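Everything on this sheet refers to the single structure shown next.
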Amino acid sequence: MGVLNGFRADTAVNLQLDAGLLVKNLKTIDTFAGVLTDEQKLGATEGGASFTAIPEIRNVFEGIDGAKGNYKNGNVIDSWEIKLTATLKEMTAENFKLALAAADITPGAELKKFDVITARNVLKETDYLDNICWLGTKMGSDEPMIIELKNVLNMNGLNFTVTDKGTGTLALELQAHIDITKPNEVPFNIYTPKATV
């Protein structure tokens, strides 16, 4: 018997390459055709990104006399925790606002060369981004692989790190939120392009 491995005929066209990029408020996923504005891009990142979508699953038979463990069809999903973490390298006013979650950007009145980012104690509906999308390259396709989080806030506050002989970073923990008008919709989608090779 030779070496066992998981290679298949189409393995090469199913590989995801490199770190990809993060964009906000992507309007039409099916037809954007790679045309993105600089305002949509969050900018350069360090260390790529990490996406998690973890359901909280409850065993409805737990505690019932005679139950011997987990039973098929005996579980329900109570909630989802949906996060995308990334470290930004670009120190823009918009990225600082995103990190703070509840903040405003105003041109400096006296200091005309600056934008002023001011934190608030109250979240507004406009603080939630319609979506944050990670776009990455999948071999064998001209279309990107896309992970879309909906109704997004950064949940870990401002984490701005500077180092000697380095460049600053902003660490984000972007979380998707359920739309109260769509209570049964899980607020993320994964778009995997079909192979064209």
Side-chain angles (χ1 to χ4, degrees), residues 1-61 68-90 95 98 129-152 154-156 169-179 182-197:
M1 179 182 293
V3 176
L4 299 176
N5 61 57
F7 284 104
R8 304 180 308 148
D10 55 356
T11 291
V13 298
N14 287 318
L15 299 178
Q16 187 277 317
L17 303 174
D18 303 324
L21 75 152
L22 298 175
V23 299
K24 61 184 177 182
N25 296 330
L26 193 60
K27 298 298 181 191
T28 309
I29 287 177
D30 193 42
T31 59
F32 87 95
V35 179
L36 298 167
T37 66
D38 281 347
E39 289 73 26
Q40 287 177 292
K41 298 176 185 178
L42 298 188
T45 57
E46 176 181 86
S50 177
F51 171 72
T52 56
I54 303 170
E56 181 182 327
I57 298 175
R58 176 167 46 96
N59 175 7
V60 297
F61 295 117
K68 301 191 183 306
N70 292 316
Y71 293 84
K72 181 180 178 180
N73 297 324
N75 297 305
V76 295
I77 295 175
D78 285 332
S79 64
W80 283 86
E81 184 176 89
I82 302 154
K83 293 181 181 178
L84 190 150
T85 58
T87 301
L88 299 180
K89 296 293 287 183
E90 297 194 24
N95 283 345
L98 174 62
L129 294 177
D130 289 342
N131 62 33
I132 289 276
C133 294
W134 170 85
L135 282 67
T137 302
K138 184 179 175 188
M139 282 184 65
S141 176
D142 294 330
E143 298 296 330
M145 182 176 173
I146 302 171
I147 298 174
E148 176 193 27
L149 286 74
K150 300 178 181 180
N151 311 310
V152 179
N154 180 53
M155 300 302 286
N156 69 336
T169 60
L170 284 172
L172 301 178
E173 184 180 282
L174 302 165
Q175 184 168 311
H177 292 76
I178 296 169
D179 184 334
K182 302 171 185 176
N184 294 317
E185 180 182 276
V186 181
F188 77 95
N189 288 308
I190 299 171
Y191 302 86
T192 304
K194 297 177 181 178
T196 56
V197 181

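Only a predicted model underlies this, so the values are computations on that prediction, with no experimental measurement involved.
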List the steps, then state whether side chain to side chain donor-acceptor pair (under 3.5 Å) holds for Glu56 with Ser79.
CA-CA 5 Å; Glu56 181 182 327; Ser79 64; 3.3 Å; yes

Side chain to side chain contact (heavy atoms under 4.5 Å, CB included) between Thr192 and Lys138, worked out:
CA-CA 8 Å; Thr192 304; Lys138 184 179 175 188; 3.1 Å; yes

Could you walk me through whether Leu42 and Leu98 pass side chain to side chain contact (heavy atoms under 4.5 Å, CB included), step by step?
CA-CA 10 Å; Leu42 298 188; Leu98 174 62; 4.0 Å; yes

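For the pair Asn154 (side chain) and Glu173 (backbone), a donor-acceptor distance under 3.5 Å is present. A donor-acceptor pair is defined here as one N or O able to donate and one able to accept, closer than 3.5 Å; no such pair exists between the side chain of Trp80 and the backbone of His177. Checked by atom type and distance alone, the side chain of Asn131 pairs as donor or acceptor with a backbone atom of Asn25 at under 3.5 Å. The backbone N or O of Glu143 lies less than 3.5 Å from a partner atom in the side chain of Ser141, making a donor-acceptor pair. Looking only at distances, no side-chain donor or acceptor of Asp18 sits under 3.5 Å from a matching main-chain atom of Gly20. Judged by distance alone, with hydrogens and angles left aside, the side-chain atoms of Thr45 form no donor-acceptor pair with the main-chain N or O of Gly48 at under 3.5 Å.
Contact check for Thr87 versus Leu170: no side-chain heavy atoms found under the 4.5 Å cut-off. Two residues are said to be in side-chain contact when any heavy atoms from C-beta on lie closer than 4.5 Å; Val13 and Leu15 fail this criterion. With contacts defined as side-chain heavy-atom distances shorter than 4.5 Å, the pair Thr52/Ile82 does not qualify.
Nearest heavy atoms, Ala49 versus Leu84: CB-CD2, 4.1 Å. The heavy-atom pair separating Glu39 from Lys24 by the smallest distance is O-CE, 3.2 Å. The two residues Asn95 and Glu90 make their nearest non-hydrogen contact at ND2-O, 2.9 Å. In plain terms, the two heavy atoms of Met145 and Pro193 that are nearest each other are CA-CD, 3.7 Å.
The pair Lys150-Glu185 meets the salt-bridge criterion, since a charged nitrogen lies less than 4.0 angstrom from a carboxylate oxygen. The pair Asp130-Lys27 meets the salt-bridge criterion, since a charged nitrogen lies less than 4.0 angstrom from a carboxylate oxygen.
Between the side chains of Asp179 and Asn151, no donor N or O sits under 3.5 Å from an acceptor N or O.
Shown here are the salt bridge (Lys or Arg N to Asp or Glu O under 4.0 Å) partners of Asp78, two or more places apart in sequence or in another chain: Arg58.
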